[in-house]
Amino acid sequence: MYNSIQNKTQDKSIAQNGQKIRILLADDHKLIRVGLKSLFTKHEDMTVVSEAENGKDAVEKIKTQHPDVAILDLVLGDISGIDVVKKITDENTKTKIIILTSHIKDSDVTESLKAGVNAYVLKDINSETLVMIVRTINEGAMWIDPKAVSILRNTHTGGVIPQKTYTRANFKAQHSNLTEREYEVLKLVVDGKSNLEIAKILNISEHTSKAHVCNIIQKLVVDDRTQAAVKAIKEGLV
């Protein structure tokens, strides 16, 4: 109840300051667009300024309307969401791009990130988490769905996330405050495991698992478990 009131107060404060996040939705299914628009219009710091049912329309509207955030499906009928991103990148637009899709193929993830997307999100995500992602992306963050992180770990060649190679001794020198158990937990976070799954694998309680993840986030100086996983991959920690 308190969090709900707090969020509404925050929305109103942002809206009153004229800082609404202007969103464009691009999906070839009208029902998806309707659902997303309904979700975002519940928040006073967000407004849906335009919709597109195909890729070419999305490109044109992003060029002319300059939304803060564009949410694109990968499959848009005429051209792909990745092609839209490439065309927009060529225009040097400041619009942040979120790929919202049901596709989790290796090539889709890596090509999206190479094209310059700011977030890769699967459609089974919690609605309020999606709202949070829109806000953080608008502020300049990057977000990758936990289910896609393991793909980056196993398939990237350095073109998506440059990788540094550390020996175990190097790792300890760079992150001496991370315990052996936290290192084990970090590897499972990178594999996309939930707190409950980590608890079962390591034979610890879910509460303990959550505590380890929180400690890792603090020690790696990141905001959430996804950023911790991305940093671990980028710096060759796992």
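Residues take their numbers from the sequence shown, with the count starting at 1.
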Backbone N or O of L74 within a donor-acceptor pair of the D108 side chain at under 3.5 Å?
no

What are the two closest heavy atoms between I99 and S112, and how far apart are they?
CG1-OG, 4.2 Å

Spacing of S50 atom OG and I23 atom CD1 [to the nearest 0.5 Å]
12.0 Å

Side chain D78, main chain G55, donor-acceptor under 3.5 Å
yes

Any donor-acceptor pair under 3.5 Å linking the side chain of N118 with the backbone of I97?
yes

Mind checking the CD-CG spacing from E206 to L196? Nearest 0.5 Å is all I need.
4.5 Å

Check ion pair R181-E184 (N to O, under 4.0 angstrom):
yes

Rounded to the nearest 0.5 Å, what separation is found between the CG atom of L100 and the OH atom of Y120?
10.0 Å

What verdict does the side chain to side chain contact (heavy atoms under 4.5 Å, CB included) test give for V69 and F40, after you've listed the backbone C-alpha separation in whole Å, the side-chain angles of each residue and the deciding distance to 0.1 Å?
CA-CA 12 Å; V69 176; F40 295 129; over 6 Å; no

CD on E182 to NZ on K187, rounded to 0.5 Å
13.5 Å

Restricting to non-hydrogen atoms, name the atom on S205 and the atom on T208 that form the minimum distance, rounded to 0.1 Å.
OG-OG1, 2.8 Å

Within a strict 4.5 Å, meaning less than it, do heavy atoms of the H212 and I198 side chains meet?
no

Of the non-hydrogen atoms in L24 and P67, which two are nearest, and what is the gap between them?
CB-CG, 3.8 Å

Is it the case that one hydrophobic cluster holds both L186 and I201, taking links as side-chain heavy atoms less than 4.5 Å apart, direct or via other members?
yes

Check V213 against V189 and note the closest heavy-atom contact, atom names and distance.
CG2-CG2, 4.1 Å

Min side-chain heavy-atom separation I144-L113 under 4.5 Å
yes

With side chains defined as the heavy atoms from C-beta onward, is the minimum distance between L202 and L188 less than 4.5 Å?
yes

Would V190 end up clustered with I104 when hydrophobic side chains under 4.5 Å apart are linked, directly or stepwise?
yes

Show the numbers, then the answer: is there a side chain to side chain contact (heavy atoms under 4.5 Å, CB included) between I133 and I125?
CA-CA 11 Å; I133 291 170; I125 195 167; 3.4 Å; yes

Rounded to the nearest 0.5 Å, what separates atom CD1 in I82 from atom CG in L76?
10.5 Å

Quick check on the hydrophobic clustering: are I32 and V34 connected, directly or via other members, by side-chain heavy-atom contacts under 4.5 Å?
no

Taking all atoms of both residues into account, what is the closest heavy-atom pair of A228 and I216, and its distance?
CB-CG2, 4.4 Å

Donor-acceptor pair, side chain of K87 and main chain of V59, under 3.5 angstrom
no

Validation row: E128, L39 side chains within 4.5 angstrom (heavy atoms):
yes

Sequence-distant partners of K61, side-chain hydrogen bond (donor to acceptor under 3.5 Å, both in side chains), two or more places apart:
D57

Can you check side chain to side chain contact (heavy atoms under 4.5 Å, CB included) on D83 and S80, steps first, answer last?
CA-CA 5 Å; D83 289 330; S80 71; 3.3 Å; yes

Just to verify, what does T101 make a side-chain hydrogen bond (donor to acceptor under 3.5 Å, both in side chains) with, not counting sequence neighbours?
none

Counterpart residues, salt bridge (Lys or Arg N to Asp or Glu O under 4.0 Å), relative to K105 (two or more places apart):
none

Main-chain N/O of K123 paired to S102 side chain as donor or acceptor, under 3.5 Å:
no

Can you see which heavy atom on E51 is nearest to which on V48, and at what distance?
CG-CG1, 4.3 Å

Evaluate the side chain to side chain contact (heavy atoms under 4.5 Å, CB included) criterion for residues K86 and K114: first the C-alpha distance (whole Å), next the side-chain angles of each, then the deciding distance (0.1 Å), finally the verdict.
CA-CA 9 Å; K86 290 178 179 178; K114 286 179 181 179; over 6 Å; no

Here the gap from D68 atom CG to I21 atom CD1, rounded to the nearest 0.5 Å, amounts to 7.0 Å

Can you tell which of K20, R135, R22 makes a salt bridge (charged side-chain N to carboxylate O under 4.0 Å, His left out) with D45?
R135

Out of curiosity, does V49 fall in the hydrophobic cluster containing L130 (side-chain heavy atoms, cut-off under 4.5 Å, transitive links)?
no

Do D191 side-chain atoms and K193 backbone N/O form a donor-acceptor pair below 3.5 Å?
no

Is the backbone N or O of Q227 less than 3.5 Å from a side-chain atom of D224, with the two atoms forming a donor-acceptor pair by type?
yes

